[in-house]
There are 2 protein chains.
Amino acid sequence: MSPARAAHYHGGMELDRFDRQLLNLVQEDAGQTAERLAEQVALSPSAIQRRLRRLREAGVIQRQAAVLDPRQVGRPTFFVVSLQVERERPELLAQLRRWLGAQAQVQQAFYVTGEADFVLVVTAPDTESFDALMLKLVEDNPNVRRFTTNVALSLVKRGLTIPVPLDEAD
Amino acid sequence: MSPARAAHYHGGMELDRFDRQLLNLVQEDAGQTAERLAEQVALSPSAIQRRLRRLREAGVIQRQAAVLDPRQVGRPTFFVVSLQVERERPELLAQLRRWLGAQAQVQQAFYVTGEADFVLVVTAPDTESFDALMLKLVEDNPNVRRFTTNVALSLVKRGLTIPVPLDEAD
DNA sequence: GCTGAAAGGTACTTAAA
DNA sequence: TTTAAGTACCTTTCAGC
């Protein structure tokens with residue numbers, strides 16, 4: 001690989017301006033047709049479809065997911081949990097990561113710097129359900145030292161959108 | 001509305017077992033065909049499609065979004081920010097919510113109980129970009145008192161999936 | 001290489017049973 | 001709800017840039 005390419009290398013394919021426009025559009029609405037996308041990107045529908053397929057195959061687009069209204073599925077409450085662990089034993093840390101990954105109620109989990117070691121975003125139908133999950137957390141994972149919970153009173157914003165700059169420079 | 005219905009009422013349509021199965025499936029993969037969904041839910045493809053359309057129209061499915069690989073779009077870093085504000089002036093609070101909603105780099109924002117008032121999940125290509133955003137935050141919003149940042153060293157899990165129980169009882 | 005245009009194939013939608 | 005006809009979309013091919 002040439003140095004010029006290496007400078008832009010992120011572990012995947014090169015993205016030109018069209019790809020970047022497409023990525024921004026499909027993050028907001030992955031359901032629209034190639035024809036409608038072609039109206040917003042100066043490209044023909046078939047070119048759009050070819051590029052989207054390439055982006056999927058390269059793993060730039062990992063998947064497309066339906067986003068539900070939390071209230072309409074009886075799960076209106078979100079919790080933000082900060083977790084502190086005993087870090088002396090790496091194998092317990094790996095176990096905790098697997099545990100978090102396996103829990104459907106855990107939407108997101110970040111391993112972070114700072115006072116907390118993990119930050120979680122958790123959904124639950126009510127406080128009891130949440131408490132039960134946290135009890136299971138400490139029971140199943142002996143290296144969890146303590147955690148603090150913030151109950152979300154309202155959702156200001158909720159998404160996974162990553163803004164993709166159109167200029168190649170990041 | 002009868003009391004029996006009111007007990008299950010979440011502000012939207014009633015969901016039977018088939019709907020709930022479908023919702024769980026399309027949250028993981030919204031791209032699969034009705035035929036493939038029909039293999040997993042004991043229903044014909046046309047029944048599947050009709051139900052999905054109803055769920056979209058009722059707003060249970062808000063949208064479908066492409067999920068990108070953060071590394072491949074040059075935005076590998078996540079930050080979890082806890083925000084404390086002066087709460088005396090409600091109009092400033094509303095302004096802050098609008099500001100957060102308008103920032104593309106802010107993926108998620110929760111208004112929470114506890115020591116922090118807001119918890120944010122922010123993406124940025126690097127620390128400088130993140131710092132610039134935080135500077136803009138305090139400049140544009142005079143009621144921001146202080147904030148603490150946790151840099152995500154790794155992503156354990158990342159999604160918006162809400163597990164939908166198949167039994168009507170939550 | 002990548003594009004746009006046309007043919008073909010697949011999946012969704014609609015209407016009837 | 002299933003089935004079948006009709007429609008819309010995606011995919012492939014090919015010629016040209």
Side-chain angles (χ1 to χ4, degrees), chain A residues 1-69 164-169, chain B residues 12-69 72-74 164 166-168:
Chain A
M1 173 180 286
S2 73
R5 284 180 57 89
H8 294 291
Y9 190 69
H10 300 300
M13 61 186 283
E14 293 293 312
L15 306 172
D16 66 12
R17 191 185 180 84
F18 292 127
D19 292 320
R20 293 163 184 273
Q21 285 184 322
L22 277 173
L23 290 172
N24 285 321
L25 291 169
V26 295
Q27 280 189 100
E28 296 309 317
D29 181 4
Q32 58 191 320
T33 64
E35 192 173 350
R36 272 189 54 200
L37 287 167
E39 296 166 5
Q40 305 168 71
V41 180
L43 234 45
S44 73
S46 48
I48 302 270
Q49 286 157 351
R50 263 192 303 261
R51 295 178 94 109
L52 285 177
R53 191 164 58 80
R54 271 177 53 233
L55 290 166
R56 278 192 297 267
E57 286 170 355
V60 179
I61 298 176
Q62 295 180 322
R63 53 188 246 270
Q64 52 192 85
V67 180
L68 307 190
D69 180 351
V164 182
L166 298 185
D167 316 296
E168 280 207 17
Chain B
M13 61 185 286
E14 293 295 313
L15 305 172
D16 65 13
R17 192 183 181 83
F18 293 126
D19 292 320
R20 293 163 184 272
Q21 285 184 323
L22 276 174
L23 290 172
N24 285 321
L25 291 170
V26 295
Q27 280 188 102
E28 296 309 319
D29 182 3
Q32 58 191 320
T33 64
E35 192 172 347
R36 273 189 54 198
L37 287 167
E39 296 166 6
Q40 305 167 71
V41 181
L43 235 44
S44 72
S46 48
I48 302 272
Q49 287 158 350
R50 238 173 304 118
R51 296 178 96 108
L52 285 178
R53 192 165 58 79
R54 270 177 52 232
L55 290 166
R56 278 193 296 266
E57 286 170 355
V60 180
I61 297 175
Q62 294 180 324
R63 55 187 245 272
Q64 53 192 87
V67 180
L68 308 191
D69 180 350
Q72 291 209 52
V73 294
V164 182
L166 298 184
D167 317 295
E168 281 209 16

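Lettering of chains follows the sequences in order, A, B, ..., and the numbering in each one begins at 1. Only this structure's heavy atoms are used, side chains among them; waters, hydrogens and symmetry mates stay out.
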Item checked: Sequence neighbours excluded - salt bridge (charged side-chain N to carboxylate O under 4.0 Å, His left out) pairs with any residue from residues 21-50 of chain A -> none
Notebook entry, point to check: Mind checking what makes side-chain hydrogen bond (donor to acceptor under 3.5 Å, both in side chains) contact with B:Ser44, not counting sequence neighbours?
Noted result: B:Ser46
Margin query: Given 3.5 Å as the limit, does a donor-acceptor pair link the side chain of B:Asp19 with the main chain of B:Asp16, or not?
Written below: yes
Margin query: Rounded to the nearest 0.5 Å, what separates atom CG in A:Leu43 from atom CZ in A:Arg17?
Written below: 12.5 Å
Check: What's the CG-P distance between A:Leu55 and C:dC2, to the nearest Å?
Finding: 12 Å
Item checked: Any donor-acceptor pair under 3.5 Å from B:Gln72 side chain to A:Ala58 backbone -> yes
Checklist line | For atom CZ of B:Phe18 and atom C1' of D:dT2, their distance in whole Å | finding: 14 Å
Note to self: Test: salt bridge (charged side-chain N to carboxylate O under 4.0 Å, His left out). Region: residues 54-63 of chain A. Which pairs qualify, not counting sequence neighbours?
What the structure shows: A:Arg53-A:Glu57
Notebook entry, point to check: Nearest-Å distance, CG (A:Leu37) to P (C:dG4)?
Noted result: 14 Å
Check: Looking across every strand, which nucleic acid part, if any, lies under 4.0 Å from B:Arg36 by heavy atom: base, sugar-phosphate, or nothing?
Finding: nothing
Please tabulate the protein-to-nucleotide N/O contacts below 3.5 Å involving nucleotides 3-5 of chain D, giving atom names and distances.
none

Identify each atom pair where a protein N or O and an N or O of nucleotides 7-10 of chain D are less than 3.5 Å apart, giving names and distance.
| residue | atom | partner | partner atom | Å |
| --- | --- | --- | --- | --- |
| D:dC10 | OP2 | A:Ala34 | N | 3.2 |
| D:dC10 | OP2 | A:Gln49 | NE2 | 2.9 |
| D:dC10 | O5' | A:Gln49 | NE2 | 3.2 |

Next item on the list: State which residue, out of A:Leu52, A:Leu166, A:Val60, fulfils the side chain to side chain contact (heavy atoms under 4.5 Å, CB included) condition with A:Leu23.
Entry: A:Val60
Margin query: Nearest heavy atom decides the nucleotide; on that basis, is A:Arg53 or B:Ala42 closer to the 5' end of DNA chain D?
Written below: B:Ala42
Notebook entry, point to check: How would you list, by chain and number, every residue that makes a side-chain hydrogen bond (donor to acceptor under 3.5 Å, both in side chains) with B:Gln62, sequence neighbours excluded?
Noted result: none
